[in-house]
> 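Before we start, here is the structure in question, set down as structure tokens.
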Amino acid sequence: MDISNLLQSGNLNLALLKLRELVEQNPSKENYQLLGRVLLELGRDDEAIDAFIKGEDYVSASKLLALKDPDLTLNLLKDREGKEVRIIRAMLLLRKERYDEALKEIENLEDKDPLVLKVKGISEYFMGRFYEALQDLSRAIFSYPLDADLFYFRALTRISLGDEQNAEKDLDIAINLNPYYAEAYLNKGILTEKRGDIQGAIRLYTKSINLKPNYKEAYIRRSKAYSQLGREEEARSDLAKSEKLD
């Protein structure tokens with residue numbers, strides 16, 4: 001039975017065994033790439049990364065490596081070209097808060113791609129270019145309306161522009177898409193507190209802390225909210241916890 005038949009039948013372990021033998025006999029790029037795909041399907045990510053690199057499939061390797069080691073991924077993709085490579089580099093630079101560089105990576109790329117628009121919109125938000133950020137994040141949402149980050153950052157952009165009513169709607173959508181979004185609960189809590197609903201804000205800050213126990217800003221916000229209600233012991237406790245966090 002050849003390897004393609006093994007793959008079609010779902011017999012990945014036997015396919016892996018045969019592929020390892022094949023790679024020893026013929027260590028071609030194609031064989032390494034196929035080995036990487038089988039290892040990936042088996043959940044053996046580290047081995048898959050190694051196989052993809054040996055097969056010079058740097059895009060596949062970087063997709064697996066990006067969450068584990070952004071710096072190593074950027075180094076792996078250094079001086080390599082192609083749209084997908086540039087988008088991956090831009091996303092990594094965005095995570096590292098190197099917004100100018102992220103924008104340069106996607107210059108002249110097709111801006112109908114929601115990932116390109118996402119990088120643009122979030123980078124523009126952090127650079128204070130709020131009207132551009134609002135436009136690009138809205139266009140990204142139109143193309144891909146299931147990304148909680150897009151709604152979250154559009155909410156932050158709208159808050160910066162004074163549109164708190166629509167910002168809260170975006171935060172609600174972000175939470176609906178990702179019920180574990182601690183930052184979205186925090187910002188909804190801030191808006192709730194501004195409306196004078198301190199108890200409601202405390203519930204949201206508490207939800208944020210439950211999801212992200214080391215969330216310093218959430219402890220500080222909840223401490224101040226407790227203080228407004230005269231609950232000084234709880235306020236002091238939260239403030240003390242916040243001082244122990246980075």
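From a predicted model like this one, the values you see are computed outputs, not experimental measurements. Positions are given from 1, in the same order as the sequence printed here.
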> Between Arg236 and Arg231, is there a donor-acceptor pair closer than 3.5 Å when you use the side chain of the first and the backbone of the second?
no
> Are Val116 and Ile88 joined in one hydrophobic group, where the rule is that I, L, V, M, F, W and Y side chains link up if heavy atoms are under 4.5 Å apart?
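Val116 and Ile88: separate clusters.
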> Quick one: pull up CG in Asn166 and CD1 in Ile159 and give me the separation to the nearest 0.5 Å.
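Result: 11.5 Å between the selected atoms.
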> Looking at Lys96 and Asp71, is there a salt bridge between them, counting it only when a charged N and a carboxylate O are closer than 4.0 Å?
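Salt bridge between Asp71 and Lys96, a charged N being under 4.0 Å from a carboxylate O: yes.
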> For Glu105, which of Arg98, Lys120, Arg89, Lys83 qualifies under salt bridge (charged side-chain N to carboxylate O under 4.0 Å, His left out)?
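Of the listed options, the one satisfying the test is Arg89.
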> Tell me whether the count of non-hydrogen atoms from other residues, nucleotides or ligands lying under 6.0 Å of NZ in Lys68 goes above 12.
yes
> Is the shortest side-chain heavy-atom distance between Glu164 and Arg158 below 4.5 Å?
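Result no, sub-4.5 Å side-chain heavy-atom pair not found.
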> Does any part of the side chain of Glu183, heavy atoms only, come nearer than 4.5 Å to the side chain of Lys212, both counted from C-beta?
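Yes; the side chains approach each other to less than 4.5 Å.
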> Within the supplied structure, the quantity of interest is the number of heavy atoms (other residues, nucleotides, ligands) at a distance under 6.0 Å from Phe142 CZ; does it exceed 12?
no
> Only one of Thr157, Asp147, Asp170, Asn187 clears side-chain hydrogen bond (donor to acceptor under 3.5 Å, both in side chains) with Tyr152; which?
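Result for side-chain hydrogen bond (donor to acceptor under 3.5 Å, both in side chains) with Tyr152: Asn187.
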> With a 6.0 Å cut-off on ring centres, are Phe126 and Phe153 close enough?
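Between Phe126 and Phe153, the centre distance is under 6.0 Å.
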> How long is the gap from CG on Leu103 to CD1 on Ile122, to the nearest 0.5 Å?
11.0 Å
> Does the cation-pi check pass for Lys241 over Tyr219, that is, NZ or CZ under 6.0 Å from the six-membered ring centre and within 45° of its axis?
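No.
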> Spell out, as yes or no, whether a donor-acceptor pair under 3.5 Å connects the side chain of Tyr185 to the backbone of Pro179.
yes
